[in-house]
J.: 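Provided herewith is a single structure, encoded as C-alpha cells, for subsequent inquiry.
In each ligand, atom 1 is the first atom listed, and ligand 1 is the first ligand listed.
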Amino acid sequence: MSINKIFTHNLGFPRIGARRELKQALESYWSCKIDLNALELVGTQLRKQHWEQQLQAGQLDLIPVGDFAWYDQVLEWTTTIGCIPKRHQSDSAQDQPFHLDTLFRMARGRAPTGQPAAACEMTKWFDTNYHFITPEIKLNQEFALSRTFLFEQVKEAEQVLGIDRVKPVIIGPLTWLYLAKGEEFVGSLDSKKLTLLEKLLPVYNQVLQQFSQLGVKWTQIDEPVLCLDLNDEWRQAFQTFYQQLNQSKKLNILIATYFGNLLDNLKTLVNLPVEAIHIDAVRAPQQLAPVLESLKNSSKILSVGLIDGRNIWRSDLDACIETIQKVIIGEFKFDASRLWLSPSCSLLHVPFDLKYETKIDAELKSWLSFAVQKLEELSLLGYAALLKDGCEGSIPSNISSLLATQRSAIESRRNSVRIHNPQVKSRMNESISTDRSHPFDDRKKAQQSKFHLPKLFPTTTIGSFPQTQEIRSIRLKYKNGTVSRELYEKFMKEEIEKVVRLQEEIGLDVLVHGEPERNDMVEYFGELMNGYAFTENGWTQSFGSRCVKPPVIFGDISLDKPMTVEWSSYAQSLTDKPMKGMLTGPVTILNWSFVRDDQPRSETCKQLALVLRDEVLNLEKAGIKIIQIDEPAVREGLPLRKSDWNTYLKWAVDCFKLTTSGVEIDTQIHTHMCYSEFNDIIDSIGAMDADVISIETSRSNMELLQAFEDFKYPNDIGPGVYDIHSPNVPNVEWMVKLIKNAIERIPKENIWINPDCGLKTRGYQEVKQALIAMVQAAQQLRTEFETCQ
Ligand code: GLN
Ligand code: ZN
C-alpha cells in the first residue's frame, strides 16, 4: 500500500497548562477562593486548548483523551472503577453522582467539603519524578463503574478533534494492580492481587463498550509494568485477562509499554489478542529488532516511540529516519502502513512549550524541544521517513527546509565549544584513586583526637535551618538585582551568625551554617557550574498541583571558583566548635536535573563528581574538616530492572567516592539520605565508605534499622530522631526510646544523634525546642551508658 506519511499519534500531554493554570485553579479551589464550577471550567478550557495545540503542532492521527487529571491519572482511574476507601467516601450515601471532593480527600486528606481523613499514600511513578496516588485494595474489593468523566471528555474531544482522532487512554488492570497496595497483600507481585482481575474485567468491558458506543475507534491501555520484572503467574494473567476483554471486538486496542525493555515479557506483549502494541525505542532501542522478529507472522500494528518523552533535547531526526528505514526496508520489511510513530511515553514528563523561554540564548534554545516541539518533530518525522522510500504524493513542501533546520541544530550542538571542554575531557581520563587512604577504624581514631567530640552520641543537624520569609525575599531581590551584593552578603552573614549562636546555645556538637543562601539543593550548585542552564518555564508536574523546574545539564561541567568555601569559612570563623561544610552529591545533582543525552549518565555524573571533589578539597584547605555530601536521590536513580542495578550502583558509588576520597585521614566525611527503604541497596551504601551517614528513621520507628543489623554497617550512623515533616516537637523520652531501639542493632559507639532531614521548612520556635530536647536526650543517654560501661 502506498502511503505518503507514517501514522502518528501521541500517548499523553502535559495537563498543568502553559502558565500552570490548573495549579492556580486547584489551589484556589482548595482554599475556597473559587467554587467547583469555576474549577471545572478551567479544566474544560485547558483540555480544549491542549487538544487544539496537539492538532496544530502535530497533525496527529490520534490524540489522547483522558490523560487529563485533576490530581493524578492513576487516581482518576481508581475512582472511575469505584475503588474508594471507606474513610474518603462522603456521608451523602453512595456519593452519587461522584463529587470531586472525594478524589481530593483521597489525594490530600481533606477537601472543601466532607470530613478530613488520612490521605492515600503517594509513590513515584516508575523511575520518573511524577508521583501518583497509590490505589488501596482489599482482598474482597468490589469494583463498579463510578464516574462518567471519561466519557464526557470523549464527547468534548469529539467536538474539537472529530471522533476519528479521539483515543481514550486508560490504565491497564495489571499495571493498576501492581501499583495498588493493601494490608492483605505483600509486595507488588503478590499473587493474591490477581484474584481481583475477575472483578475488574466487567468494569473494563463496560468502559470499552461505552467508548465504542460513542464511536471511538481506538483506545490506549497503558501497561508499563511489562517493562518491569514480573513472573510467570503475572505474565499468564495478562493473557487470561486480555483474552476475555473486549470480546465483541468492537474497539481497537493499543497496549502501551514504556520506560524500558520488555525483555522476558516480550512474548507476553506480542501475543496479547489486541490490534496494536507500543514500545519505547528511546529507553530501549535494542528491543526493536526482537519485537519485529516476533511480529513476523502477525498482523499487529507496531507503534514505535522514537521521540524522547523523558528529556528536553531536540530529536536527531536523521537517526530516527534511519531506524524507520531499517524497519520498513531492512531485514524485516515491516509494512509501513502497520507502523505508527509516537513519543516514547506520555509527554507529561517534559515541559509544555519552548516558546515561553525568553531568556535562554538562541543557540541553546535551538537544541531544546518541549512537548509542543516534540509533536512538531513527530509530524515531520511521519512525512520525512518516507521521502527516501521514493513514495510520492502530497508531501508538504517545506519538509526539506524543516529537516535542514533540525539537522543544523543537531550539528551545532554536537560540535559546540560550549559543550565540549578539552580540559574536562582530559581530566576524565586521569586515573584517580576513589579509596580513602586509611580504613575507617584508623580514620575514626584520628578524627576523635582532632574534634574532641563526645565519645558517645555526638549531635548535629542535617544542614539547613528555617528559611524565613525574610531570607527568601532577600535572596529573590538579590537575584532580580534589586538588592546589592553588599547588602545581600551582610544579611546572609548575620543570618549565619544567628544560626551559629543558636546552635552553641543549644549545645550541639557539630555545627552547620544553616544554608540561608540556597534556594534548593541542585539549582544553587548548578548556577555556579559551567555546563548548566536554567529555564524560566520548564515546569513538569511532580504531584497534584506541584511542579518542579529541573535545571539542564547541557555541557561539560567545570568550575571557575569555589562554590561554598566563603560561607563555610565565615561560619567556622565564628566558633571553636567544628563547622560542617555542606554539598549536594553528584548522583543527586544528576538525578534532579535534565541530563544531556550525548554521553552516558555515568560520564556526566563523573564530571559532577570531579568538580565536587575540588570543592571538598578547597573546603578542607580552608580548614573545614567535616564535610557532608548529601545524596538523598541515590535510591530513586535505581533502574527499573534488577539486572541493571549493579551497573548503576557501581558508578553511583564510585562517583560519590571520587568526590570524597581525596581528603586527609582526619577529615570527616558525612552523607545524608532521607528515605527509609535501604534493604535493597544497603551494601552499596556501605561501600560509599562515608565516616558518618544520617538517615530517616523517626517515622518508621527505627524499623529500617533492621537492614543495618543484617548488614552490619561498618561506619557511624545517625538515625534521625526528629521527624521534620511534622510540626510536632518530639520530647526527650521519645527520642531516648528511639535511640535505645537503635542500640539493639547498632553498636552505641557508632551512633550519632540528629534530625531526619534539613530544617528549612520548619519554624524557629519548634526547631529550637526540638533541638534542645535532642541534645538533652543525647546527654541523658551518655550519662546512662557511659557509667554502665
Ligand atoms: N543539607 C540539606 C538540608 O538540610 C539536605 C536536604 C535533603 O536531604 N533533602 O536542607
Ligand atoms: Zn534529607
Side-chain angles (χ1 to χ4, degrees), residues 124 129 131 459-468 471-472 475 492 495-496 499-500 502-503 508 510-526 542-543 546 548 550 563-564 567-568 571 579-593 612 615-616 619 624 626-637 652 656 659-660 668-678 681 685 688 690 692-700 704 717-726 752-764 766-767 770-771 774:
K124 263 176 190 279
N129 192 29
H131 302 69
T459 54
T460 190
T461 60
I462 308 304
S464 58
F465 265 69
Q467 296 223 334
T468 55
I471 298 180
R472 290 174 201 274
R475 228 174 26 219
M492 287 302 160
E495 186 60 35
I496 290 173
V499 170
V500 170
L502 176 66
Q503 293 172 89
L508 287 152
V510 173
L511 310 196
V512 296
H513 78 286
E515 305 179 21
E517 78 288 9
R518 300 183 194 176
N519 40 350
D520 130 319
M521 291 180 71
V522 174
E523 193 168 286
Y524 176 77
F525 292 96
S542 173
F543 64 90
R546 292 278 272 276
V548 292
M563 302 180 280
T564 61
W567 298 122
S568 290
M579 177 61 55
K580 184 157 67 163
M582 284 294 154
L583 301 173
T584 304
V587 186
T588 297
I589 295 190
L590 185 87
N591 277 326
W592 290 352
S593 303
L612 288 165
E615 185 72 11
V616 166
L619 280 169
I624 307 296
I626 300 185
I627 302 167
Q628 177 170 311
I629 292 119
D630 291 326
E631 283 289 22
V634 166
R635 195 183 192 290
E636 70 184 56
F656 181 86
T659 305
T660 54
Q668 191 171 67
I669 298 292
H670 290 221
T671 189
H672 164 70
M673 297 176 184
C674 38
Y675 45 82
S676 48
E677 290 143 13
F678 281 92
I681 56 165
I685 305 291
M688 288 164 69
V692 185
I693 179 175
S694 58
I695 54 176
E696 187 218 282
T697 37
S698 65
R699 251 179 311 172
S700 57
L704 87 103
I717 308 180
V721 289
Y722 166 24
D723 175 8
I724 64 91
H725 295 99
S726 149
W752 283 62
I753 297 190
N754 46 257
D756 263 352
C757 192
L759 306 169
K760 79 171 166 215
T761 55
R762 300 261 62 99
Y764 261 107
E766 44 182 314
V767 159
L771 293 181
M774 191 180 93

J.: Go through the structure and list residues passing side chain to side chain donor-acceptor pair (under 3.5 Å) with Arg475, not counting sequence neighbours.
T.: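 Counting only residues at least two positions away or on another chain, Arg475 forms a side chain to side chain donor-acceptor pair (under 3.5 Å) with Gln467.
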
J.: What residues form a side-chain contact (heavy atoms from CB on, under 4.5 Å) with Thr584, not counting sequence neighbours?
T.: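 Partners of Thr584 by the side-chain contact (heavy atoms from CB on, under 4.5 Å) criterion, ordered by chain and then number, come out as Met521, Phe525, Thr588, Ile589.
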
J.: Given side chains that start at C-beta, do those of Val634 and Phe656 come closer than 4.5 Å, heavy atoms only?
T.: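 Contact flag for Val634/Phe656 side chains = no.
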
J.: Do ligand 1 and His672 have nitrogen or oxygen atoms that lie under 3.5 Å from each other?
T.: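 His672 vs ligand 1: N/O contact under 3.5 Å present.
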
J.: Heavy-atom distance under 4.5 Å between the side chains of Val500 and Phe465, does that happen here?
T.: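 Not touching, per the 4.5 Å side-chain cut-off.
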
J.: Would you say the side chain of Gln503 lies within less than 4.5 Å of the side chain of Thr461, judging by non-hydrogen atoms?
T.: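 They are in side-chain contact.
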
J.: Among all the protein's non-hydrogen atoms, which is closest to atom 5 (C) of ligand 1, and how far away is it?
T.: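 Going atom by atom, the protein heavy atom closest to atom 5 (C) of ligand 1 ends up being Asp630 OD2, 3.3 Å.
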
J.: Got an N/O contact under 3.5 Å between Lys760 and ligand 1?
T.: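 In fact, backbone or side chain, Lys760 has no N or O that close.
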
J.: Check each atom of ligand 1 against the heavy atoms of Gly463 and keep those under 4.0 Å away; list them by number with element.
T.: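 Counting from 1, the qualifying ligand atoms are 4 (O).
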
J.: Using a strict cut-off of 4.0 Å, indicate which atoms of ligand 1 neighbour a heavy atom of Gly758.
T.: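 Listed by number with element: 3 (C), 4 (O), 10 (O).
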
J.: I need the nearest protein heavy-atom contact for atom 9 (N) of ligand 1: residue, atom name and distance, please.
T.: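 Ranked first by proximity to atom 9 (N) of ligand 1 is Met521 SD, 3.4 Å.
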
J.: Can you tell if the side chain of Arg518 reaches within under 4.5 Å of the side chain of Thr564, non-hydrogen atoms only?
T.: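 Contact flag for Arg518/Thr564 side chains = yes.
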
J.: So, regarding Pro632 and ligand 1 (criterion: nitrogen or oxygen to nitrogen or oxygen, under 3.5 Å), is there a contact or not?
T.: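 No - when backbone and side-chain N and O of Pro632 are compared with those of ligand 1, no distance drops under 3.5 Å.
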
J.: Going by chain and residue number, what protein N/O/S atoms come nearer than 2.8 Å to the Zn ion (ligand 2)?
T.: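 The answer, once waters are left aside, is His672 NE2, Cys674 SG, Cys757 SG.
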
J.: Using side-chain heavy atoms (C-beta onward) and a distance below 4.5 Å, is Leu583 in contact with Leu619?
T.: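 They are in contact (side-chain heavy atoms under 4.5 Å apart), so the answer is yes.
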
J.: For Asp520, enumerate each residue passing the side chain to side chain donor-acceptor pair (under 3.5 Å) test, keeping only those at least two apart in sequence or located in another chain.
T.: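 Scan of Asp520 (side chain to side chain donor-acceptor pair (under 3.5 Å), adjacent residues dropped) gives none.
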
J.: For atom 10 (O) of ligand 1, what is the closest protein heavy atom, and at what distance to 0.1 Å?
T.: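 Going atom by atom, the protein heavy atom closest to atom 10 (O) of ligand 1 ends up being Ser464 OG, 2.8 Å.
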
J.: If we only count heavy atoms from C-beta on, is the Ile471 to Met492 side-chain gap below 4.5 Å?
T.: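 Yes, their side chains come closer than 4.5 Å.
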
J.: Could you tell me whether Glu636 and Lys124 make a salt bridge, using a distance below 4.0 angstrom between a side-chain N and a carboxylate O?
T.: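 Yes, charged N to carboxylate O under 4.0 Å.
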
J.: For ligand 1, which is the ligand I care about here, please tell me if Glu515 has any N or O atom under 3.5 Å from one of the ligand's N or O atoms.
T.: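 Among all N and O atoms of Glu515, at least one is under 3.5 Å from an N or O of ligand 1.
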
J.: Heavy atoms, side chains only, cut-off 4.5 Å: are His725 and Thr761 in contact?
T.: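 Not in contact.
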
J.: Counting from 1, what ligand 1 atoms have a heavy atom of Cys674 closer than 4.0 Å?
T.: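 Numbered from 1, ligand 1 contributes 7 (C), 8 (O), 9 (N).
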
